[in-house]
Each structure stands twice: as structure tokens, then as C-alpha cells.
Amino acid sequence: MRPDTPAENVDHAAEAARLERTAGLYPEDAEALLLRAAAHLEVSGDRPAATRLYDRLLSSTADSPALENPSLVRALKASNLWEYDHEAEARAIIDGVRAAAPRDPAAWVIVAEALESHDELEAAHETFTEGARLLVADGAEPPYPTHPLLYGRHRVRRMLGLDHDEWDALADTLHSMPVSLDELHDPKRVWSLGSDNPADLEAEISRLRAELGAYREALSRPFPVAMLHWPAGELAELLEAYPALADEYPSYEDHLATIEAALRELASSGTPNLGVVPGTVPSYEAFAASEGASPTDPALLPQYATTLAARGLAVTWPPQRGAACWCGSGRTYGECHGAE
């Protein structure tokens, strides 16, 4: 589907089938492709088929790659199940996602919004708060992916009639639209839609335009400026197959240090939306073949990293508080490359 194709002209079932076929051809991208296919099925109204795709992703086998974000898949499954009267199962999955305390803000937002949409406002507030407490560091600028957590929490607190707290104030400062969060999240907005006063309707149109602008900004956010990371085994295999690249990678330790230093330099220069993308030798060889170039060409490496980032494979840098380091050491980022 072309990005500029109007939604009403999309055959969602056909698009889902196309994405499923593509996932079979590119198993390394199956997670992202099948999630998109499931979204098309949900929009088309075939929610049971979407659940089958979520189950397919969650049923790991020896031949299938491990999921990069299982909590996100479970959250999407729970949200979908609740929409076609599988409330008990959805609640159980939501409880499991919350207990797992994922480091991905999207999983928290999805389960919290599922609770919110079914009028479970207290539970939604607790879920948004748990996610924010885990992922938003005190006194630090919240990473962009955590903003929806704070916005959602602000919205639910307004519906509950709770007073502003520090995180609500932080959400207000992060929100850059011309209409304030308090206006956007005003529970009385629904009454303005039935008003005969043109001023009320004009104010509501302004709010809706601001919301649409925020959604467009989120959707148009570019893929990260990503640094290419070769895990230790992949780097050894790469250099064994292509010794000419040894000048680029004197040692694995130098490779890791170079990545962290480059990311910090980019961050200090004001470059936003940074990430790290892991490479594999087979996919690099396939990329080189598709470009009609030799894998020994160093100029191909940044192009390969950009391609992987455009496919949504980059990990956000710096990682969330308490999250594992991007290098795969198993330690938290603060204990590893995040240490001063």
C-alpha cells in the first residue's frame, strides 16, 4: 500500500494477505510485517483473524526467530480480544503484561488505553502511572516514546477529576500544540458537540485540529539516525568472510566504543531520534547483492544501517532507565556503556 493511498480505498483483507506472504519471504522481518497485517485485519473487522496472527507470533518454535517485543504483541492481542467480547482473557493478558513490567512504553500505553476505552479509569490510571514510574527518570527529559504515557495519564486524571501533579505539569510542558492538554482532555468537551452556540463548535474544531496535528507529527516522525552494531559472533563471521573490513573494525571492544562515542557526539550536537541497529552477515550479504555492490566496500555499511533503521529494526538510544544495554552484554545501560 502506498503511503498516500486514502484509507477508504484500501482493501484491508488483501493488504493483510500481502503482508503475510511477505513475512514468509523475509522471516527476519516477520514480527513487524505480521503486526501490520493484524492491524489491517482489525480495521477490516476480522478480529478473530487478527488474534490468530498474534498467536502465531507468540507461539515460538525452533525455526522462528525470537520476538523482539513479546509484551507489545501480548498487549495488542489483549486490546483486540476485548473488542470482540473476550473480556476475561483480555484482562488476564493485561495483568500479565503489567506484571512483566516491559521496558517498551507502547505496551503500557496499549493496555492502559484498552482499560480506559472500557471505562476502567482507575485501572487505566494505575497502569499509566506504573509505566511512567518505570520508564520516566526523575529530573531527566523524558524520551520521546514515553510521551504518550504521560499524555494518557493526564487524560485519565482529568476524567477522574484529580488535581494536577508533577507528571501532569511535565506532560503540559512536553505538549507543543496550540491547544493545551487541559483543553484537549476536558471531560466536558462532549457537551460542546451538542451546543447550538457557534463559538462552542468553533472551539471544538480548533481542538480537533490540534489533536490531528499531534497525530500527524507522531506518524511522520522519521526513522532513527542509527549506528550499525555487529554482535560479537556476527563481527567475527564478517571479518572471517571479508578480511578487507578489518580496518573498519580493529576489535570488538573498539567497535562498541566507537558506536557509543558517535551517538554521544550526535546527541551533544542536537541530533534527535538516535538508535542502534544490529546487523547480521546474511542480511548484509543480501543487501550488498541487491545494491550490486561488494560486501567489502566500507561505503556500503552506513547504507545498510540506514536500510535496517527504515525497516523499523533500530533500538532507541539511549535505552530507558534500567533497560539492558544496546551492546547485548546483559547488564543495564547505566552499568555498561551508559556509565560515565
Side-chain angles (χ1 to χ4, degrees), residues 1-94 96-97 102 104-118 145 148 212 215-224 277 280 283 286-287 290 307-315:
M1 181 182 70
R2 286 171 52 86
D4 55 356
T5 303
E8 61 269 20
N9 297 334
V10 176
D11 185 338
H12 291 286
E15 185 65 13
R18 184 189 70 80
L19 288 165
E20 284 194 70
R21 291 193 299 271
T22 306
L25 296 173
Y26 302 98
E28 68 276 12
D29 294 334
E31 183 174 349
L33 291 167
L34 292 179
L35 286 179
R36 288 174 57 192
H40 279 285
L41 291 171
E42 288 193 38
V43 172
S44 73
D46 194 352
R47 293 189 176 276
T51 294
R52 287 193 290 274
L53 282 188
Y54 294 134
D55 287 336
R56 174 178 164 185
L57 283 168
L58 292 168
S59 59
S60 59
T61 65
D63 297 329
S64 60
L67 292 180
E68 293 182 11
N69 199 337
S71 292
L72 176 60
V73 179
R74 292 188 180 94
L76 290 166
K77 178 183 175 182
S79 178
N80 181 55
L81 283 169
W82 206 334
E83 293 301 321
Y84 69 109
D85 302 326
H86 289 266
E87 178 182 342
E89 186 178 354
R91 286 182 181 276
I93 296 173
I94 287 173
V97 171
D104 174 30
W108 287 101
V109 170
I110 290 166
V111 296
E113 289 185 345
L115 292 163
E116 178 188 353
S117 67
H118 291 87
L212 181 59
Y215 286 131
R216 283 176 171 167
E217 181 181 343
L219 290 172
S220 64
R221 185 170 171 80
F223 56 82
V277 64
T280 66
S283 71
F287 174 74
S290 70
T307 300
L308 294 180
R311 284 158 54 187
L313 301 179
V315 176

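The figures that follow rest on heavy atoms only: side chains count, while hydrogens, waters and symmetry mates do not.
Side-chain contact between E31 and V73 is present, with heavy atoms from C-beta onward closer than 4.5 Å. Using a 4.5 Å heavy-atom cutoff, the side chains of H86 and T51 are not in contact.
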For W108 and V97, run side-chain contact (heavy atoms from CB on, under 4.5 Å): C-alpha distance rounded to whole Å, both residues' side-chain angles, the deciding distance at 0.1 Å, then the answer. CA-CA 8 Å; W108 287 101; V97 171; 5.9 Å; no

Is there a side-chain contact (heavy atoms from CB on, under 4.5 Å) between L57 and K77? Walk through the geometry before answering. CA-CA 10 Å; L57 283 168; K77 178 183 175 182; over 6 Å; no

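Under the side-chain contact (heavy atoms from CB on, under 4.5 Å) criterion, A39 pairs with no residue at all, not counting sequence neighbours. Among residues two or more places apart in sequence or in another chain, the side-chain contact (heavy atoms from CB on, under 4.5 Å) test is passed with S79 by I110, A114. The side-chain contact (heavy atoms from CB on, under 4.5 Å) test applied to A38 returns A50, L53, Y54, not counting sequence neighbours.
Between the CG atom in L19 and the CG atom in D29 there is a gap of 11.5 Å [rounded to 0.5 Å]. In this structure, N69 CG and R74 CZ are separated by 10.0 Å, a value rounded to the nearest 0.5 Å. Taken from CG in L33 to OG1 in T22, the straight-line distance is 6.0 Å, to the nearest 0.5 Å. Separating the CG atom in D11 from the CZ atom in R18 is a distance of 12.0 Å, to the nearest 0.5 Å.
Taking the six-membered ring for Trp and thresholds of 30 and 60 degrees, W82 and H118 have nearly parallel ring planes, at less than 30 degrees apart.
Under the 3.5 Å distance criterion, the side-chain polar atoms of D46 are left unmatched by any main-chain donor or acceptor of L41. The backbone N or O of L81 lies less than 3.5 Å from no partner atom in the side chain of E89, so there is not a single donor-acceptor pair.
Across all non-hydrogen atoms, the minimal contact from A107 to A75 is O-CB, 3.8 Å.
Taking a cutoff of 4.0 Å between a charged side-chain nitrogen and a carboxylate oxygen, E20 and R56 qualify as a salt bridge.
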